[in-house]
Amino acid sequence: MIHEILPVGILQCNCSIFGDESSREAIVIDPGDDIEDVLAALRRHSLTVKAIVITHAHIDHIGGAAKLKAATGAPVYMNRKDQELYDHLDVQASWLGTEAPARTEIDTEAREGDSLKLGPDGGATEFHVLHTPGHTQGSISLWIPAENKVIAGDTLFRDSIGRTDLPGGDGRQILRSIRDKLLTLPGDTTVIPGHGPKTTIGREQERNPFLQAL
Ligand SMILES: [Zn+2]
């Protein structure tokens, strides 16, 4: 499996591109900005985008979704509970002092228990949707057991957790989501957070100061 992580935009959101070597299909997660760079990486690997998945509707994660969809025709997946945040993309842009990017329709809801498949029938890699609310109400994580990885959005970071002081945030709920949905994954699972360096579930369980009371 091809996996490129591109930090995009002014907040350096980790955009992940997963590509299957045999089918040359790709899933792009959190195309927040710098879509030209995302498209260049896709071209370099001769990949066709099959799905665009949004971990949550903050502008730094979703800002480039309309542009990437226009360029590739791929459907956008997001949890419906973040629709209201996405509807107010202009307000989010004003928080950052930037111009609001174009918006698009969400094509498919990403719900707890759903899974996306990448690769040929019979040998496809599964991306399991985990609903992990708290940073926002529609925050999801994507667990990819065959790759031993979880894409955690802004729910869990190395040594930290997502902020919960923005609209839709809930400090107790994010801890519950981390305890029940993420810390239950195998300890050696690599965590790719929405920003900053990778970590593992085991390391965060042991050392993340926000999780010691769980
Ligand atoms: Zn966020």
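Ligands are counted one by one from 1 in listed order, and the atoms in each one are counted from 1 as well.
Listed by chain and number, the protein N, O or S atoms at a distance under 2.8 Å from the Zn ion (ligand 1) are H56 NE2, H58 ND1, H135 NE2, D154 OD2.
Side-chain atoms of T136 and H58, non-hydrogen and from C-beta on, do get closer than 4.5 Å to each other. With contacts defined as side-chain heavy-atom distances shorter than 4.5 Å, the pair L156/T132 does not qualify.
Using a cutoff of 4.0 Å between basic side-chain nitrogens and carboxylate oxygens, R103 and D90 are not scored as salt-bridged. At a threshold of 4.0 Å, the pair E4-R44 counts as salt-bridged, since one of the basic side-chain nitrogens sits closer than that to a carboxylate oxygen.
A side-chain donor-acceptor contact under 3.5 Å links E204 and T199.
As a member of the Ile/Leu/Val/Met/Phe/Trp/Tyr network built from side-chain separations under 4.5 Å, W95 groups with V91, L166.
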